[in-house]
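Quick caveat, the model's predicted, so the values are computed rather than measured. Order of listing sets the numbers, starting from 1, for every ligand and every atom in it. In this chain, numbering begins with 1 at the start of the sequence shown.
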Amino acid sequence: MVRVTVVGTGYLGLTHAVCLADLGHEVLAIDVDDQKIARAANGEVPFFEPGLEPLLRKNLDAGRLRFTTSFAEIGAFGTVHFLCVGTPEGESGQADLSFVHAAADALAPHLASACLIAGKSTVPVGTARQVMSRVRAIAPAGQQVDLAWNPEFLREGFAVQDSLTPDRIVLGVTSDRAEELLREVYATPLADGVPLLVMDLETAELVKLAANAFLATKISFINAMAEICEEAGADVMPLAEALGYDARIGRRFLSPGLGFGGGCLPKDVRAFRATAAALGVGSVVSLLTSVDVINQGRRDRVVALACQAAGGTLDGTRVAVLGVAFKPNSDDVRDSPSLAVCERLRAEGAIVSLHDPVAMPNAAKKQPDLVYAGSVSAAAERADLVLHLTEWADYRAIDPAALAGVVARRVIIDARCALDAALWHDAGWTVHVLGRRSRPQWKKCLTPVK
Ligand SMILES: NC(=O)c1ccc[n+]([C@@H]2O[C@H](COP(=O)([O-])OP(=O)(O)OC[C@H]3O[C@@H](n4cnc5c(N)ncnc54)[C@H](O)[C@@H]3O)[C@@H](O)[C@H]2O)c1
């Protein structure tokens, strides 16, 4: 058992704190947001994450997990301090490290001897060494403070599973002692066979950005293929399937559609590009610029399709939007492609009514002027056009014949290539799917929109 603290209790930090407690460690977590701390201490998870809340309550009840707002308390308590604060996009695309530095500066004066600070936030290469020198300058004289970077790869929606049984554990360390302490923290997953990769600080920082850059590139690649399929009269879905059977390529992250969003991939791609530019690495800059441009272009494409499907203007068109979370199984609307499309539709004069199973409260904070409907049929009431923008399983279960009864016009754009187009067609809908101009089962019925 290790006495662990977690600094920052957002998506990453709260999940990390709960899962480390569940692995048997004594955990004390801190945040500058005292409301978050009060809710967490009361057993409430302030965001949607399947399975997290019962695990939080279990570990609160077991006395392994506590919350505080006192840096003095965590400094005195912890042997390993995990930094899990946000690293949002700065004004010119670079990562804003102010939260990382503020958290480390607040912790440093309270550090007890022989402790380790392990960063988990996603940061530009070089950050760990900056944090290390700041902390050592502030920490009480004579304290042995080590620093490591332990990037996190969890996926929202699968955060508990990814934390308890990750694909791999990456440790950037500068001492044997740091490695030993982190091996002790992760003893259970390591005993279960999770691969451990130990490397220097800079490489560990880069692994996370390289992983996200690769995933983003894969998504933008298939979306570029969707564009050429539309022009060439081909169908991106069987193309993706055929590519995916190649073991060197793999099927995952090869789903065409509206592109990526959320609190990580877009900002990490831009931050990585900013770092590459600062280091003068043009190849990475041009690769990631293309990835970002292709991704943003998907949003324009959906708005253009909507405009065309509405007869050339969106002014006064009633548009029902299905899904506003950046991806299913999440209530996160940070850089949500759907929300960006909704904003543009509204700017073009459309009357937008939207539905999402869990993300509407977060969306309403960002876009209070949109109409939020309590059900799919309420959102689609008298709609001229339906847009499917987040591929929740609930939407695949919609009965298109029943929905046909409430809309003004049976026209749907499936921007996630996830609905059964033949089923919708058979119920009398005109179906537009990004990247698909023809498919034997329904091509005679599909009116392609270019
Ligand atoms: N969300 C994910 O799925 C995910 C996955 C892997 C990595 N990451 C990375 O993890 C980091 C955190 O992301 P997140 O999504 O959890 O962000 P978040 O915004 O949900 O949480 C950050 C938390 O840090 C708190 N905080 C800010 N300054 C603080 C300070 N000085 N002291 C204590 N707490 C402070 C905030 O109040 C907030 O609760 C980012 O670098 C992100 O890129 C996130």
Side-chain angles (χ1 to χ4, degrees), residues 5-19 28-40 45-50 52 67-75 78 81-90 94-110 117-124 127-128 131 134-135 149-163 166-170 204-205 207-209 211-213 215-216 260-272 325-327 329-336 362:
T5 82
V6 174
V7 183
T9 60
Y11 280 94
L12 165 61
L14 185 58
T15 309
H16 191 59
V18 169
C19 290
L28 182 60
I30 188 169
D31 202 289
V32 284
D33 183 335
D34 45 11
Q35 285 190 356
K36 271 190 187 172
I37 287 298
R39 288 182 68 181
V45 173
F47 49 86
F48 179 81
E49 186 56 52
L52 188 58
F67 293 89
T68 182
T69 52
S70 159
F71 276 96
E73 197 184 345
I74 67 160
H81 303 280
F82 285 100
L83 291 184
C84 298
V85 299
T87 48
E89 187 171 335
Q94 84 290 5
D96 173 358
L97 293 176
S98 58
F99 299 102
V100 171
H101 291 314
D105 291 358
L107 173 62
H110 305 290
I117 297 179
K120 287 199 76 65
S121 304
T122 305
V123 293
T127 305
V131 172
R134 283 174 80 121
V135 166
W149 218 262
N150 167 216
E152 177 58 55
F153 302 93
L154 68 78
R155 299 161 298 164
E156 288 175 21
F158 303 91
V160 171
Q161 169 195 328
D162 288 350
S163 297
D167 289 340
R168 75 295 209 191
I169 294 170
V170 172
E205 292 168 323
V207 167
K208 172 65 187 177
L209 290 170
N212 276 359
L215 295 171
F260 57 83
C264 290
L265 282 194
K267 64 126 175 124
D268 288 350
V269 163
R270 290 182 203 130
F272 198 13
F326 86 94
K327 67 170 189 177
N329 302 313
S330 171
D331 65 352
D332 197 342
V333 296
R334 291 179 287 182
D335 207 340
S336 157
N362 282 344

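- In this structure, Phe47 falls outside the shell of residues with a heavy atom less than 4.0 angstrom from ligand 1.
- With a 4.0 Å heavy-atom cut-off, ligand 1 is reached by the backbone of Ser121 and by its side chain too.
- Residue nearest to atom 12 (C) of ligand 1, selected from Thr9, Val85, Val123, Leu209: Val85 (by heavy-atom distance).
- Ranking the protein heavy atoms by distance from atom 22 (C) of ligand 1 puts Gly86 N, 3.5 Å first.
- Between Leu12 atom CG and Leu83 atom CG the span is 10.5 Å, to the nearest 0.5 Å.
- Close approach of ligand 1 to Tyr11 (heavy-atom distance below 4.0 Å) involves ligand atoms 1 (N), 15 (O), 16 (O), 20 (O).
- At a 4.0 Å heavy-atom cut-off, ligand 1 does not touch Asp332 at all.
- Remark: Arg334 is not positioned above the aromatic ring of Phe326, lacking an NZ or CZ atom under 6.0 angstrom from the ring centre and at most 45 degrees off the axis.
- Remark: distances from the non-hydrogen atoms of Ala106 to ligand 1 are all 4.0 Å or more.
- Nearest non-hydrogen protein atom to atom 5 (C) of ligand 1 is Leu154 O, 3.5 Å.
- Among Thr87, Val32, Ile37, Val6, the residue whose heavy atom sits closest to atom 34 (N) of ligand 1 is Val32.
- Below 3.5 Å of separation, one finds an N or O of Lys36 facing an N or O of ligand 1.
- Of all heavy-atom pairs between Cys84 and Gly13, the closest is CB-CA, 3.6 Å.
- The option with the heavy atom closest to atom 3 (O) of ligand 1, from among Glu156, His16, Glu49, is Glu156.
- In this structure, CG in Leu52 is found 11.5 Å from CD in Glu156, a value given to the nearest 0.5 Å.
- Here the protein heavy atom with the shortest distance to atom 6 (C) of ligand 1 is Glu152 O, 3.3 Å.
- Residue, atom and distance of the protein heavy atom nearest to atom 21 (O) of ligand 1 are Gly10 CA, 3.2 Å.
- In the vicinity of Val7, heavy-atom distances shorter than 4.0 Å reach the ligand 1 atoms 32 (N), 33 (C).
- A side-chain N or O of Asp96 and one of Ser98 form a donor-acceptor pair less than 3.5 Å apart.
- Residue contacts with ligand 1 for Gln35 are absent, since no atom lies close enough (heavy atoms, distance under 4.0 Å).
- Nearest protein neighbour of atom 28 (N) of ligand 1, counting heavy atoms only, is Phe99 CD2, 3.5 Å.
- With a 4.0 Å cut-off on non-hydrogen atoms, Phe71 touches ligand 1 through its side chain and not its backbone.
- Asp162 places a side-chain N or O within 3.5 Å of a backbone atom of Arg155 that can act as its donor or acceptor partner.
- Between Phe47 and Tyr11, the ring-plane angle classifies as tilted under the 30° and 60° cut-offs.
- With contacts defined as side-chain heavy-atom distances shorter than 4.5 Å, the pair Ile74/Leu107 qualifies.
- Of the protein's non-hydrogen atoms, Leu12 CD2, 2.9 Å is the one closest to atom 10 (O) of ligand 1.
- Residues Phe272 and Ala213 approach most closely at CD2-CB, 3.8 Å, considering heavy atoms.
- For ligand 1, the polar-atom distance check against Lys267 finds a nitrogen or oxygen pair separated by under 3.5 Å.
- Shortest non-hydrogen contact noted between Leu154 and Ser163 is CD2-OG, 3.7 Å.
- Remark: minimum distance from atom 25 (C) of ligand 1 to any protein heavy atom is reached at Asp31 OD2, 3.2 Å.
- Residue-level proximity to ligand 1 for Cys84 is carried by the backbone, the only part with a heavy atom below 4.0 angstrom.
- Atom 19 (O) of ligand 1 has its closest protein heavy atom at Arg334 NH1, 3.8 Å.
- Within ligand 1, the atoms closer than 4.0 Å to a non-hydrogen atom of Lys208 are 6 (C), numbered from 1 in the order shown.
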Thr87 and Lys267: CA distance, side-chain angles, deciding distance, side chain to side chain donor-acceptor pair (under 3.5 Å) verdict: CA-CA 9 Å; Thr87 48; Lys267 64 126 175 124; 3.2 Å; yes

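- When heavy-atom distances to ligand 1 are checked against a 4.0 Å cut-off, Arg155 has no atom that comes that close, whether in backbone or side chain.
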